[in-house]
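Computed over heavy atoms, backbone and side chain alike; hydrogens, waters and symmetry mates excluded.
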Amino acid sequence: MTHAPEHPIAVPTPSTSQSLQEIESLLLEHYAQYQGNQDGALANYIPELAKVPPDQFGLAVATHAGDVVAVGDADVPFTIQSISKAYNFAMLLDEVGRDETYAAVGVQPSGDPFNAITLDARTNRPFNPMVNAGAIAVAGRLRQILGAGAFDRVLEVFSLAAGRTLDVDERVFESERETGHRNRAIGHLLRAAEVFDVPVDEVLDVYFRQCSIRVTARDLAVMGATLANLGINPCTRQDVFGMDAVRDTLSVMFTCGMYDGAGDWATRVGLPAKSGVGGGIIAVVNRQIGIGVFSPRLDEAGNSVRGKLSCIGLADGLGLHAFDATNPGSSFLRGMAKWD
Ligand code: GLN
C-alpha cells in the first residue's frame, strides 16, 4: 500500500536534544511518582493475563522526527489487546474507504462496557470500532476482503507502524480462544446481522490473534507517532496509513478510545488514545508525538491506572490537552498574520 501523493506536508524537523531531555526528565519524574501506586487489578477474565508480573511500568515518547525517549520497563513485551482495534480500523479504512467501512461499524460512543453483546438499535451495527463488537466487525470485514492471509497482513501493517517485526504471544492467543465466549456470541450476532459473510471462527481467529500481538511501550510510542505523523512511521519513513484513515481513526480514538472512561479521559487528558486490558495505552498528539505507556493494573473501566496517571501528568506538563490554554491551535490559522 502506498500513499505517497497524499502526504505532501509530512516534513520532519529534528527534535533538539534539549527538548528530548525535557521530555525524558518529565517521564522520569512520572515514573518515580507513580511507581509505588498499586491501585487497580490485573485483567483476570483472560487467564494468561492474570499471570503477568503486576509491578511492571514503562513509559515512552516518540517524536514526529523519529526520536524515541523511554524509561522503566519500556522494552518489556506485553499483548496489545484492544489497542489493536485502532490500527485495524485504520487498515479497513485504507482497504475499502469510508462508505464501506461505515456500512459495517458506526462512530458513536456506546456508554456500554467494552465487551457488551449489543448493537446500535438504530443501525443494527456496532456503535464504534473501539468496543469489541465494532472491532470484531472490522476483523470480519478484513477477513472477508483479504481471505486467509488477513492476519498476516494485519501483523505486517502493525510491524510497519512499530518499525520492527512483531509477533504473537501464542499462550495469550490460546487462552483467549478457549475462554472468549462473549466474543464468540458477538461474532454470531454480527454474522446474523450480515456484517460479514465468513465463518465466525475464522473472524475470531483474526481478532484473538490481533489482540495477542506482542508490543512494548516503546513500540506503542512509535505506533502512536506513526498516526501523529500523518501515517508515516517517523523512524523508518515507511508510509503505513493514508491521511483520511488517520484522521478518522484519531477522531474515534478521541471519542471512544477509553471505553466508558472516554469522557473523563477527554476532559482530563484531552488527547486521542486507546487502551488495552494488557495494560498498554497509546496517546497521540497530532503532528508531534506518540506516547506509549505500560502498567498492567487496571481501573474499573479497564484502563491502566499508572498509565492514565502518567498521561494526565504528561498532558499537564507539556500542555498537550487539545483545549489547553497553552495549545497554539491550528498552524494554518496562525500562519495568517491577524491571528498571531
Ligand atoms: N482481547 C480482549 C477481549 O476481547 C481485548 C479487550 C480489551 O483490551 N479491552 O476481551
Side-chain angles (χ1 to χ4, degrees), residues 1-4 10 12 48-49 52 56 58-70 72-92 94-95 135 138-139 142-143 145-177 205-242 245-246 249 274 276 278-282 284 289-294 296:
M1 209 179 323
T2 166
H3 309 287
E48 274 301 307
L49 290 186
V52 167
Q56 302 176 105
L59 302 169
V61 166
T63 74
H64 76 301
D67 298 299
V68 183
V69 181
D73 298 319
D75 294 310
V76 171
F78 57 94
T79 52
I80 191 167
Q81 296 297 338
S82 282
I83 300 167
S84 65
K85 293 168 177 170
Y87 290 84
N88 262 20
F89 178 57
M91 245 184 103
L92 185 64
D94 267 341
E95 289 290 338
V138 169
L142 286 173
R143 178 64 181 79
I145 295 154
L146 300 172
F151 179 72
D152 290 344
R153 180 70 188 136
V154 168
L155 188 59
E156 185 187 349
V157 170
F158 282 37
S159 298
L160 290 174
R164 73 178 184 96
T165 304
L166 302 176
D167 64 5
V168 169
D169 185 325
E170 293 293 339
R171 288 221 294 253
V172 172
F173 166 65
E174 291 297 339
S175 189
E176 292 212 37
R177 190 165 57 175
D205 191 77
V206 173
Y207 175 72
F208 291 142
R209 278 184 193 281
Q210 78 182 57
C211 290
S212 307
I213 292 175
R214 252 192 298 231
V215 290
T216 64
R218 183 189 296 271
D219 292 328
L220 290 184
V222 176
M223 292 175 80
T226 298
L227 294 180
N229 194 41
L230 310 171
I232 296 176
N233 181 320
C235 301
T236 63
R237 309 299 307 150
Q238 179 82 40
D239 191 354
V240 190
F241 298 113
V246 169
T249 301
K274 185 74 203 86
I281 301 179
I282 202 164
V284 177
I289 58 171
I291 300 170
V293 297
F294 166 53

Quick one: are [X] and [Y] in side-chain contact, heavy atoms under 4.5 Å?
X: M91; Y: Q210; answer: no
X: L220; Y: V293; answer: no
X: D219; Y: T216; answer: yes
X: C211; Y: I80; answer: no
X: L92; Y: I145; answer: yes
X: D169; Y: F78; answer: no

Residue pairs involving residues 72-85 (criterion salt bridge (Lys or Arg N to Asp or Glu O under 4.0 Å); sequence neighbours excluded):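 Listed once each, the pairs are D75-R218.
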
Identify, with sequence neighbours excluded, every residue that meets side-chain contact (heavy atoms from CB on, under 4.5 Å) alongside [X].
X: F208; answer: F173, E176, R177, N183, R184, L204
X: A62; answer: V68, A221, V222, A225
X: L160; answer: Q238, V240

Presence of salt bridge, E174 and R171, under 4.0 angstrom: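 E174 and R171: not salt-bridged.
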
With F89, which residues qualify under ring pair (Phe, Tyr, Trp, His ring centres under 6.0 Å), at least two apart?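 Per chain and number, F89 pairs via ring pair (Phe, Tyr, Trp, His ring centres under 6.0 Å) with no residue.
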
Taking only residues two or more places apart in sequence or in another chain, which ones pass ring pair (Phe, Tyr, Trp, His ring centres under 6.0 Å) with Y207?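 Counting only residues at least two positions away or on another chain, Y207 forms no ring pair (Phe, Tyr, Trp, His ring centres under 6.0 Å).
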
Residues two or more places apart in sequence or in another chain: which of them pass side chain to side chain donor-acceptor pair (under 3.5 Å) with T79?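 Counting only residues at least two positions away or on another chain, T79 forms a side chain to side chain donor-acceptor pair (under 3.5 Å) with Q81.
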
D167: salt bridge (charged side-chain N to carboxylate O under 4.0 Å, His left out) partners, not counting sequence neighbours: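 Residues passing salt bridge (charged side-chain N to carboxylate O under 4.0 Å, His left out) with D167: R214.
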
How would you list, by chain and number, every residue that makes a salt bridge (charged side-chain N to carboxylate O under 4.0 Å, His left out) with R209, sequence neighbours excluded?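 Salt bridge (charged side-chain N to carboxylate O under 4.0 Å, His left out) check on R209 returns E170, D205.
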
Point-to-point distance, once rounded to the nearest 0.5 Å, from CG of N229 to NE2 of H64: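 It is 7.0 Å, given to the nearest 0.5 Å.
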
Does the side chain of S175 pick up a donor-acceptor pair with the side chain of E48 at under 3.5 Å?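 No, because no side-chain N or O of S175 sits under 3.5 Å from a partner of the opposite role on E48.
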
For N88, which of T249, V138, V157 qualifies under side chain to side chain contact (heavy atoms under 4.5 Å, CB included)?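 Going through the options one by one, the only one that passes is V138.
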
Any idea which heavy atoms bring G278 and F294 closest together, and the distance?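 G278 and F294 have their closest heavy atoms at O-CE1, 3.4 Å.
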
